[in-house]
Colleague: 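Encoded as structure tokens, here's the structure I'll be asking about.
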Amino acid sequence: MENEPFAADEGEMLETGEGTKSLQEQVEEQKAKPVLFGTFEGVFVPNLLTILGVIMYLREGWVVGNAGLFGAWLIILISFAITTCTGLSLSSITTNIRIGAGGAFSIISQSLGLEVGGSIGIPLYLSQALAVSMYIFGIRTGWRWFFPEHPALYIDLAAFILLFVIAYISARLAFRIQYFILVVIVASLISVFWTGFGDSMQGSVQLWGSFPGSPETGFVGIGFWEVFAVYFPAATGIMAGANMSGELKNPRKSIPLGTLSVIGISLCIYLALAYWFARSATPEELVSNYTIIFEKAAFGPIVVAGLLGATFSSALNSIVGAPRILQALGDHGILPKSEWFSQKTERGEPRNAILFTGTIVLGALMLRNLNSVAPLITMFFLITYSMINVVVFIEQNLKLVSFRPLFKIPLLVSFLGAAGSLFAMFIINPGFSLLAVVVVLLIHNYLLRKHLKAPFGDVRSGLFVAVAEWAAKKTNSMTSSSERIWKANLLVPVEDPRELRGTFYFLRDITYPKGSVKLLGLSGKTDEENLLSHLSSMSEGFQEEGVFSSWTIIDTAEFEENLVVGMEALTGSFFRPSILFLSLPESRDRDEEIREIIRKASMYRMGVLLFSKHPQAGLGRQNLINLWIENRGLDWNISMELGNMDLALLIAYKLKSNWKASLSFMTFAPTTIQAQAAENFLQSLAELARVPNVKMQILRENPVKSSKLPFASLHIFSLDPTPDLDLARNLMEKAGSSCLFALDSGEENALA
């Protein structure tokens, strides 16, 4: 499995935990950095050493032996097509953002939020840390080709100590060592291709193989995609440019140029090497001898040295890069004890993160066998590549002005990159692919509960807005009917925040769980700054109770004018309030205003709830609700048109459910014949409205004329379009408890 090059020093990134600094301070600080790399040393070399790795030396010949020359070329081209799409997406996104520490973690976080970035970054870190141990095992294999008598454990520990010391000193030292490794790998390739100028290459070439399999399985046969799964990790490993962006002189130029040139050069090397294998050995030799490249090269030891250099380089990239990811995760408070992980030296070296990573690597080495988790490591890398493509694909589709990369790519490229990465995952190992996805989802769920705060914005809100706009357009193109999708979306005028506190839980119980509360602040009675502060706090309170809430302030002279202006503005929106919630004033000073507001609400097809709260009883124990249904004379036949009763019935049902209260249908019928008809009506109404466990009570006396009403925590009445507000106050006094009066908008249907 190939791995990623090391990440940039966290102290040298623009957007990290230092996100509180001004942009000018960050730019000046970046210019002052003493370590700045160009395209060649900062992007090209780390990428090339990552891609030209172990699989090139030990498995490409086996691929050619199984698939034949054309089959091997097809596998190489498919693999590099996926990598090229990802490289193009990576190049595009890095020219649009000020990428921070952590490479892919920073890219994903700045687009989809810290939760998504962290859910990818944590397993990516663990994969890089565990990959160090796997590469050390590879170093041991190459070393014992020269010195077979050396104990395996001593070789592993010596390689670990050397890698750890280099990583602990500085990333710059690692860069210098990789120049030497590059020279060794180039020399090994010269040794391989040198034989092409002699007569050692055979004449016949198998163009399409018979896929015999491998020695471990007794050559029982293998499929094309299984061979692809073995080869594909060789084509990965292009994150070096992104990881080093904070230390590049010109990242917006170096990352696209360095990444894409490496992909092109390494593709040519793999294609040419496949031809060399096909001409240099028989298919039988290629599938049975993994080290045939050592035997067929002009000078075998230098090729073995190249293998050692490739594994050492990959291990070095991982042990330097993994702590950078860990420090970036700590910098944003994603990890437990994040402060400790985020610490760094004056030169930007994440020493604590390096120590922790070294502990993980050493522990993995002591297990002596990581074959069982090797496929999972590959899956985490592929999920990372897929998410980079997904980020670009989302940004391209949203068409936000903030996404204006200097390196633009077609929409199809990012889509194919994401689809290709997912395809490769499930081709290589479906079981581990599902496990990797589950791990990422579990981490994401954990991070959501941490309520992380990022020093940068992301495009998640834009994504949801785009979905909402699409849904709104589709809804508007359909036949208008809201009966089946009715929700209690309240518009609540607020003059005095203290009054709102008194009805807070009542409003919550009316709207929970799918309704909403729009708070309309009316300036004039309360200081505007004080009103703004309380509205924001109350809105957050509704959100914490599971009810969506928002707020706004209208600044005009009078209460009625304020409220009507708010209704006019909000009824034109797509997600508009459907019910106006008013509190019945104790005095008659505003009665005319209330009547005019109710009239205007009806005109705008908005329902009205007029709440008369009993000053002493309040809502009592919230255990009994009486819903009053007007006497219908001789017409007690039920139909879909209930008259002005739908909103009252729907609100009664919601309060019954949220309070877990008893509900009684109340009406009066002066005669026995009417009483029998009324009882049948109420029973049919309960059944058709699907309201269970309803009690029926039929009185012979009109509640308006009676001296006292039956007890209830809340009485619900229908509200006349031109209401008698004195009658409403009188009913509250007779009931000795709070009353709610409901006026339909015409959009409700309790029987729908």
Side-chain angles (χ1 to χ4, degrees), residues 479-490 510-511 514-515 577-581 598-599 601-611 625-658 661-671 673-699 702-704 709-710 712 714-724 727-728 731 739-752:
T479 303
S480 178
S481 176
S482 58
E483 295 175 350
R484 296 295 299 273
I485 59 172
W486 180 89
K487 297 188 292 291
N489 296 320
L490 300 185
I510 290 174
T511 53
K514 294 296 184 180
S578 57
I579 304 170
L580 174 64
F581 183 90
I598 292 173
R599 188 186 70 81
S602 296
M603 186 173 69
Y604 293 128
R605 296 186 68 79
M606 182 179 289
V608 178
L609 292 178
L610 181 63
F611 183 46
I625 301 167
N626 285 346
L627 173 61
W628 290 87
I629 297 168
E630 293 181 355
N631 179 273
R632 302 171 73 94
L634 299 176
D635 184 17
W636 287 96
N637 295 318
I638 194 164
S639 68
M640 291 296 290
E641 298 295 332
L642 295 178
N644 185 26
M645 194 193 308
D646 293 284
L647 181 58
L649 181 54
L650 289 169
I651 295 300
Y653 172 76
K654 286 189 66 66
L655 291 173
K656 174 184 184 298
S657 300
N658 289 329
S662 298
L663 174 61
S664 295
F665 284 175
M666 313 288 293
T667 190
F668 80 97
T671 67
I673 296 176
Q674 284 192 23
Q676 184 61 48
E679 184 177 357
N680 294 335
F681 176 88
L682 296 181
Q683 290 175 350
S684 298
L685 179 62
E687 181 179 351
L688 293 173
R690 306 180 295 282
V691 182
N693 304 320
V694 178
K695 298 177 182 178
M696 317 291 177
Q697 192 168 355
I698 301 171
L699 307 178
N702 190 329
V704 174
L709 298 181
L714 177 69
H715 294 269
I716 301 178
F717 298 90
S718 295
L719 179 67
D720 192 87
T722 55
D724 183 345
L727 174 61
L731 286 172
C739 297
L740 183 67
F741 302 88
L743 173 62
D744 288 4
S745 68
E747 302 291 334
E748 312 91 355
N749 190 330
L751 306 185

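Worth saying up front: this structure is predicted, and the values here are computed from it rather than measured. Residue numbers run from 1 in the order of the sequence given.
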Colleague: Between atom CG of L751 and atom CD of E687, what is the distance when rounded to the nearest 0.5 Å?
Modeller: 11.0 Å
Colleague: Are W628 and P703 packed together at the side-chain level, in the sense that at least one heavy-atom pair is separated by less than 4.5 angstrom?
Modeller: yes
Colleague: Are L699 and Q697 close enough, and set up right, to give a side-chain contact (heavy atoms from CB on, under 4.5 Å), and what steps lead you there?
Modeller: CA-CA 6 Å; L699 307 178; Q697 192 168 355; 3.8 Å; yes
Colleague: Keeping N644 on the side-chain end and L719 on the backbone end, is there a donor-acceptor pair under 3.5 Å?
Modeller: yes
Colleague: Going through the checks in order, is the side-chain contact (heavy atoms from CB on, under 4.5 Å) test met by S718 and E630?
Modeller: CA-CA 8 Å; S718 295; E630 293 181 355; 4.2 Å; yes
Colleague: Restricting to non-hydrogen atoms, name the atom on I598 and the atom on P723 that form the minimum distance, rounded to 0.1 Å.
Modeller: CD1-CG, 3.7 Å
Colleague: Locate the shortest heavy-atom distance separating A488 from T511; write the atom from each residue and the value.
Modeller: O-CG2, 3.2 Å
Colleague: Hey, could you give me the CG/CD1 distance between L490 and I651, rounded to the nearest 0.5 Å?
Modeller: 7.0 Å
Colleague: If I compare all heavy atoms of L655 with all of I716, which pair ends up nearest, and what's the gap?
Modeller: CD1-CD1, 4.4 Å
Colleague: Please tell me if the side chains of F681 and T667 come closer than 4.5 Å, counting only heavy atoms from C-beta onward.
Modeller: no
Colleague: Could you state the interatomic distance from CD (E679) to OG (S684), rounded to the nearest 0.5 Å?
Modeller: 10.5 Å
Colleague: Is any side-chain heavy atom of D720 closer than 4.5 Å to one of L727?
Modeller: no
Colleague: Could you walk me through whether Q674 and N631 pass side chain to side chain donor-acceptor pair (under 3.5 Å), step by step?
Modeller: CA-CA 9 Å; Q674 284 192 23; N631 179 273; 3.2 Å; yes
Colleague: Just so I know, are the side chains of H715 and L709 near enough to count as touching, which here means a heavy-atom distance under 4.5 Å?
Modeller: yes
Colleague: Does L642 reach the side chain of L685, with side-chain heavy atoms less than 4.5 Å apart?
Modeller: yes
Colleague: Can you name the closest pair of heavy atoms from L650 and E748 and give their distance?
Modeller: CD1-CB, 3.8 Å
Colleague: Determine whether L743 and L647 satisfy the following criterion, side-chain contact (heavy atoms from CB on, under 4.5 Å), listing intermediate values before the conclusion.
Modeller: CA-CA 7 Å; L743 173 62; L647 181 58; 5.8 Å; no
Colleague: Contact between F668 and V704 at the side-chain level, heavy atoms closer than 4.5 Å - yes or no?
Modeller: no
Colleague: Looking only at heavy atoms, which two atoms of L609 and A742 are closest? And how far apart?
Modeller: CD2-CB, 3.7 Å
Colleague: Nearest 0.5 Å, please: how far is OG in S664 from CE in M696?
Modeller: 9.0 Å
Colleague: Are any of the side-chain heavy atoms of F665 and L663 separated by less than 4.5 Å?
Modeller: yes
Colleague: When rounded to the nearest 0.5 angstrom, what is the spacing between OG in S578 and CH2 in W486?
Modeller: 6.5 Å
Colleague: So F611 and F581, would you call those rings parallel, tilted or perpendicular, with 30° and 60° as cut-offs?
Modeller: tilted
Colleague: Looking only at heavy atoms, which two atoms of N626 and P710 are closest? And how far apart?
Modeller: ND2-O, 3.6 Å
Colleague: State the CG-CE distance between N749 and M645, to the nearest 0.5 angstrom.
Modeller: 11.5 Å
Colleague: Would you say N680 and Q683 make side-chain contact, with heavy atoms under 4.5 Å?
Modeller: yes
